[in-house]
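Below: one structure, written as structure tokens.
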There are 2 protein chains.
Amino acid sequence: MVTMSDVAREAGVSVMTVSNVLSERRPVGAPTRARVLAAVEALGFEVNLTARHLRAGRTDTVALVVPSFHDYFGEVADEIAPLVEAEGRHLVLERTAARPEQEIASLGVARLHLYDGVLLSVAALEPEQLDRVRTTKPVVLLGERDVPGRFDHVRLANEEGARLATAHMIAGGSRRILVLGGALETTHMMTTDRRAGWETAHREAGLPVDDRYVVPVANYSSAGARDALGEVIASGLPFDGVFAVTDVIALGAISALAASGLRVPDDVQLAGFDDLDVSNFVPPGITSVDPNHPGVAREAVRLLHRRMADAGAPAEHLVAPVRLVVRGSTRAAR
Amino acid sequence: MVTMSDVAREAGVSVMTVSNVLSERRPVGAPTRARVLAAVEALGFEVNLTARHLRAGRTDTVALVVPSFHDYFGEVADEIAPLVEAEGRHLVLERTAARPEQEIASLGVARLHLYDGVLLSVAALEPEQLDRVRTTKPVVLLGERDVPGRFDHVRLANEEGARLATAHMIAGGSRRILVLGGALETTHMMTTDRRAGWETAHREAGLPVDDRYVVPVANYSSAGARDALGEVIASGLPFDGVFAVTDVIALGAISALAASGLRVPDDVQLAGFDDLDVSNFVPPGITSVDPNHPGVAREAVRLLHRRMADAGAPAEHLVAPVRLVVRGSTRAAR
DNA sequence: CTGTTAGCGCATTCAA
DNA sequence: TTGAATGCGCTAACAG
């Protein structure tokens, strides 16, 4: 590895002069500067950022830690990156290990010290586990689980979004709406909140709530959704609407509906959550709850910057508003 | 920040003993060990990885550098992560800046020194630019552009895949097949190669090749594809098949076809490339060229490990085989 | 404008 | 089994 010493020797100057030329933190005479740059070029020197980071006590890097790199998280990451870069920092993505129940543990808390700040997407960590995470690093949590109050946190208006989507389908004439990917557990998490919104919409419309219409989905995957809905269809349980708790699940649903010859929205209305890009393009267009990714990204980065600037600021807990994007998979109110 | 010195003082031992307890590189007496661990716990010590990395001269971290975090790259990243982790290293994702023409330049070559190895997905970098990247770091290039011979490189059998997909649609009866997202430029890149495969299939079938059927798509996005195909439809140019150079483009195509009342595959057959998850679920299922992501990931990581173990090994240039996955958007041979 | 000294936190080497 | 000295590569602070 070529170091500054090598460059300094080659250019016949001190190491500090090389450092000053490269960082431009102090003026350097033109001829000296030229010799240094020539030496840098000749030797192919690249500054060792690890050393710089150690010296500086910071890395100018922010990490976004996600359960997986694809779908929802990839889209959010692309929103966050420019905001972080606008402040002169870099964004890197880290993935929590395959077993989400480990999350930070699997990643190693020490790794967080590699970054000036961390956006941690909490998929499966319990509040108690999270509470044991003792890091002085600025951390902002993202995600739909409850978290200890001392953390900054951005979550979505899950129940409200689910209520909007369900009420819209009720207004469009549906009377037996499945909540696909819903769960009956009472632990507070995304799927519970969205099921609750589905229930609220029913109560508000004076419709009965039937637990048989709460259909779990393995892995929250499209494949799991297709299989689960296929089984419902095979069972003969009558339904005329599907609220999928994520768009990934809605995608599996539309596949199962098509396979059974059920028309969307004529026979079955369908709505999802997340407003992924794909929902805009899958015919007939999937009505979806838009969580406003850019807004969420902006808020998360804002909280992180605030926290980095003032470690003692009181924690903020934001609930990002959502709105319904109506597309062809649902009918207008009748 | 709590350092090893703090822990050492608290435990009444030397810094080295703390280091040894934590790294387990040398045996430490049980009572001493217990005191150290107690001090670590009491002070909430976390090892400073930046310092460790500087000292060790390596970071045990591999970077995957991609143009964007979503879609194709997110899916590949999820394949690569476990392979890297299996060797005891971490994977992080970095994104090249918004302007792909900058790519590495935007990222800063120095950043590559933060990692023991780099998988660089080359979307837009010209071979000449790449040639100026003088890094002694182990680097493996991914992507469909030509690259300087000294780099290890994994690419897909783009032309072959495009030929397979096109020939399949010809066998299914299509005679006027658009290549959506194709380009006529002669610079070697993904879109050129896939257009070439489309052309080869036509020649092999004795069908004429008409440049009007090469339709560029803005940004290679679904929205761009929908608009581009919409214009073709409006223009009245007759066609009965669409080869989309990516599945993202195929998704836009299926949207435009549905909007125009064209049935898939009855009126128009459709095939894509990449075999994204979504292609399996969008009715009627999008026939797609499967680039075998797990295989590509495996080969890329293998090359990187080889390069990290032996910097002087001759460069390998792999072309990963592809296969066609037939779904409902195309017809069986007639 | 340029050089010297010192030290960021950790782990290798050598000594006890 | 434990400790002391040393330096990884860089830059702040202080000379000159």
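Side-chain atoms are counted along with the backbone in the values below, which use heavy atoms only and exclude waters and symmetry mates. What you are looking at is a predicted structure, and each value in this text was computed from that prediction instead of being measured.
Among all heavy-atom pairs drawn from A:V2 and A:L43, the shortest one is CG2-O, 3.5 Å.
The side chain to side chain donor-acceptor pair (under 3.5 Å) test applied to A:T59 returns A:D116, not counting sequence neighbours. With sequence neighbours left out, the salt bridge (Lys or Arg N to Asp or Glu O under 4.0 Å) criterion links B:E94 to B:R111. Listed by chain and residue number, B:D152, B:E316 satisfy the salt bridge (Lys or Arg N to Asp or Glu O under 4.0 Å) test with B:R306 (two or more places apart in sequence, or in another chain). Listed by chain and number, the residues in a salt bridge (Lys or Arg N to Asp or Glu O under 4.0 Å) with A:R298 amount to none (sequence neighbours excluded). For the side chain to side chain contact (heavy atoms under 4.5 Å, CB included) test, residues two or more places apart in sequence or in another chain that qualify with A:V47 are A:M4, A:F45, A:L49, A:R52, B:A110. Considering only residues two or more places apart in sequence or on other chains, B:E75 meets the salt bridge (Lys or Arg N to Asp or Glu O under 4.0 Å) condition with none of them. By the side chain to side chain contact (heavy atoms under 4.5 Å, CB included) test, B:A81 pairs with A:F69, A:R95, B:E85, B:L91, sequence neighbours left out. Scanning for side chain to side chain donor-acceptor pair (under 3.5 Å) contacts around A:R25 gives an empty result, with sequence neighbours left out. With sequence neighbours excluded, the residues that form a side chain to side chain contact (heavy atoms under 4.5 Å, CB included) with A:N292 are A:D290, A:P294.
Only at 4.0 angstrom or more do the heavy atoms of residues 27-37 of chain A sit from any atom of DNA chain D, so none qualifies.
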**Request:** Sugar-phosphate means primed atoms, P, OP1 and OP2; the rest is base. With that split, encode nucleotides 10-16 of chain D 5' to 3' as B, S or - using protein heavy atoms under 4.0 Å.
**Result:** BBBBBB-
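Between chain B and DNA chain C, the heavy-atom contact criterion of under 4.0 Å yields a 5' to 3' nucleotide range of C:dG9 to C:dC14.
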